[in-house]
Amino acid sequence: MIYRGLNEMSEDKSREVSRHQGKGRSSFSGKVGYVLAVAGSAVGLGNIWRFPYLAAKYGGGIFLLVYLILMLTFGYALIVSETALGRMTKRSPVGAFQAFGGGAPFKLGGWINAVIPMLIVPYYSVIGGWVTKYLFEYMRGSTQALAEEDYFSGFIANGSSVWWFLIFSLAVTAVLFAGVKQGVERVSKVMMPLLVILAVFVAVYSMTRPGAWEGVKYFLIPNPENFSWMTVVAAMGQMFYSLSIAMGILYTYGSYIKKDVDIEKSTAQVEIFDTAIAMLAGLMIIPAVFAFSGGDPDTLKAGPSLMFITLPKVFASMGFGTGAGIMFFLLVLLAALTSAISLAESGVSTFEDQFGWSRHKATVVMGAIIVAFGALSALGFGVLDFVSLFGMTILDFFDFLTNSVMMPVAALATCFLVTRAAGLDRIAGEVMQSSAFKRRRMYNLFMKYLAPVCILIILVSSIANVLGLISL
Ligand code: PFF
């Protein structure tokens, strides 16, 4: 979801010259506007679709615990860094990395941050297409058919899923073209509270089904027996993804805020909000796996399809199932659309800023990237299902490549930018313009030692794992 952020971005385009001098840059109207913009970018398919399936697959409660620890430590330090660097340099990632000199390696660091959203938005749009199809089917009243065991696998295997993907990407590209984001933003302001209310309602319903309590326990109580190293790899990737870290977004948002925005406090608020929504989605979906499939390990490990398999069963068993299905998929669709727009917008601004392209040209190229990579991901479940990249489907591969490989590299680049180029004291100076920076010592420790070492270990082990060198 997005709020004001996009608006600010587009306004900013007309001030190209002054932007590079750091003057005349637009800013968020206030502290609340900023928190809403970042929370809006954070809440999306990552919370509702991705978090529950990863938690189900990688150990339930133990995944949640690892996720929470990583979020409060690494996540916190990285959000503070990206925001402070953005505010300090008044640039988006490529510019921010170049602002301190440092030569080619830093240039590369900026670029990797900028390229990640361009690779995410195509497969994000494939999932967006699935959501659109489900909304359409609920509106036609196919509530029972959607709950059938093989409905989802049949749907993604037949070529029609590509059309739904194209409809979704067309909507995204059209909005970028028209630059009419205000309407979308207004919708998302109403949508967020509605989504929370509906999610609470569905979660309570799902948790009170017979047999569901086992699922609640599986999701909330850490069991060390379910731990594997992949739990850490997946939790770290999810943390980046969900909080919109390590993809350049927060540099850009940071560059719009004024010096009186308390970076520490707003970071904490965004983390709490984002995690609350993800946990709510977990409580909707995981107990339902236990209630409707008896905690079947295959269903728990279903991966990207989990939301589309379990929720229809919940809706089919409810009194107002069709209405609930329509509402739910409509809200998720809006969340997905606004997030996809903000990811794509970030790609478009990179093209405009770095290559001096017109908005028109930048949008056409971004649209082409979405269609090319997205179609590959969608067809990976159908005519291209023989393609296996390191044992993964094409969509899973893009997801793995961005979240488990590129984002850790981007985060490492930020650590180096902070410690080697900008300097920890300068970051502290920036943060302290608006708050006491109580966690400064923890922050320094993380940025200097813990974050780079741990990210490196996780990165190397996850690559070795897919290459078959080790087995996690
Ligand atoms: N954080 C979003 C999610 O969890 O779905 C993904 C995302 C959307 C990242 C928009 C970045 C962004 F600009």
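Below, each value reflects all heavy atoms present in this structure, side chains not excepted, and no hydrogens, waters or symmetry copies. First listed ligand is number 1; within each ligand, the first listed atom is number 1.
In summary, the atoms of ligand 1 found under 4.0 Å from a heavy atom of S342, numbered by their order in the structure, are 10 (C), 12 (C), 13 (F). In the vicinity of N47, heavy-atom distances shorter than 4.0 Å reach the ligand 1 atoms 4 (O). Listed by number with element, the atoms of ligand 1 under 4.0 angstrom from any heavy atom of L45 are 5 (O).
With a 6.0 Å radius and a threshold of 12 heavy atoms from other residues, nucleotides or ligands, M442 has its CE atom above the threshold. For NZ of K107, the number of neighbouring non-hydrogen atoms (other residues, nucleotides, ligands) closer than 6.0 Å is 12 at most. Shown here is F155, whose CZ atom has more than 12 heavy atoms of other residues, nucleotides or ligands within 6.0 Å.
E352 has no carboxylate O lying under 4.0 Å from a charged side-chain N of K361, or vice versa, which leaves the two without a salt bridge. For the pair D353 and R91, the salt-bridge criterion is not met [side-chain N within less than 4.0 Å of a carboxylate O]. Ion pairing between a basic and an acidic side chain is recognised when a charged N comes within 4.0 Å of a carboxylate O; E345 and R359 show such pairing.
Only the side chain of M247 comes within 4.0 Å of ligand 1, judged by heavy-atom distances.
Put simply, the side chain of S161 never gets that close to the backbone of A157: no donor and acceptor are under 3.5 Å apart.
Across the listed options A278, G44, G46, S41, S41 owns the non-hydrogen atom lying nearest to atom 8 (C) of ligand 1.
Put simply, part of A42 is less than 4.0 Å from ligand 1, judged by heavy atoms. Judged by the shortest distance from any of its heavy atoms, F51 lies outside the 4.0 Å radius around the atoms of ligand 1.
Considering backbone and side-chain atoms alike, S339 places every N or O at 3.5 Å or more from each N or O of ligand 1. At under 3.5 Å, a nitrogen or oxygen of Y124, whether backbone or side chain, sits near a nitrogen or oxygen of ligand 1.
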